[in-house]
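Below you'll find the structure, written out as structure tokens, and then a few comments.
Throughout, numbering of the chain's residues begins at 1 and tracks the sequence. Predicted, not measured: the structure shown is a model, and the values here were computed from it.
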Amino acid sequence: MVAVGRRRTVGTNLARPGADEVVQRAVAEGHRIGNHTFTHTVSLGDTDDPDVFDAEVERTQDLLGELAPDRLFRPYCNSGVIDHRVLRR
């Protein structure tokens, strides 16, 4: 998910044609862009599957590319649970 002003865009929406223009506009207006997962359906604090991080986080980061050079990330975790499963990356 990507925060754009007061809106947030899940990575799946970012993959749609033209969606990157919204993010480019936000960057041009001085907003910093952060990553919050691709589908927002898998709680990273509830899975031991090492492939989930790449599927949810890296996939979105690949779409963002240079629009998010700081690689800001807030994990989607069950009730805010952030443990070794999230922090190992």
Side-chain angles (χ1 to χ4, degrees):
M1 183 157 26
V2 179
V4 179
R6 292 183 180 194
R7 291 187 56 197
R8 283 156 181 74
T9 303
V10 175
T12 54
N13 292 331
L14 186 61
R16 293 180 179 166
D20 61 332
E21 294 171 10
V22 174
V23 179
Q24 289 172 358
R25 187 184 80 226
V27 170
E29 292 174 357
H31 298 278
R32 294 172 68 195
I33 306 300
N35 184 334
H36 188 53
T37 71
F38 192 79
T39 65
H40 205 260
T41 60
V42 179
S43 174
L44 299 180
D46 285 337
T47 182
D48 288 316
D49 183 349
D51 296 329
V52 169
F53 187 91
D54 288 339
E56 289 294 318
V57 179
E58 290 302 323
R59 188 172 180 187
T60 303
Q61 197 64 45
D62 289 345
L63 285 171
L64 290 170
E66 291 304 313
L67 293 171
D70 296 329
R71 296 185 62 88
L72 300 174
F73 170 65
R74 183 176 71 83
Y76 172 61
C77 299
N78 185 23
S79 302
V81 174
I82 300 174
D83 63 12
H84 70 280
R85 293 170 290 197
V86 175
L87 298 175
R88 70 175 172 248
R89 301 296 276 191

| message | Within the structure provided, determine whether Thr60 and Leu63 are in side-chain contact (heavy-atom separation under 4.5 Å). | response | no
Nearest heavy-atom approach of His40 to Glu56 is N-OE1, 3.5 Å
Note to self: Can you tell whether the side chains of Asp70 and Arg32 come within less than 4.0 Å, N to carboxylate O?
What the structure shows: yes
CG of Asn35 to CD of Glu58, rounded to nearest 0.5 Å, is 8.0 Å
Residues passing the side-chain contact (heavy atoms from CB on, under 4.5 Å) test with Glu29, sequence neighbours excluded, are Arg25, His31
Smallest heavy-atom separation, Ile33 atom then Ala68 atom, equals O-CB, 3.6 Å
Across all chains, not counting sequence neighbours, the side-chain hydrogen bond (donor to acceptor under 3.5 Å, both in side chains) partners of Gln24 are none
Correct closest heavy-atom pair for Phe38 and Ala55 would be CB-O, 3.7 Å
| Contact check, side chains of His36 and Phe73, non-hydrogen atoms, under 4.5 Å | no
Here the pair of heavy atoms bringing Asn13 nearest to Ala19 is O-CB, 3.3 Å
What one should report as the nearest heavy-atom pair of Asp49 and Thr47 is N-OG1, 3.1 Å
Q | Transitive ILVMFWY side-chain link Leu14 to Leu67, under 4.5 Å | A | yes
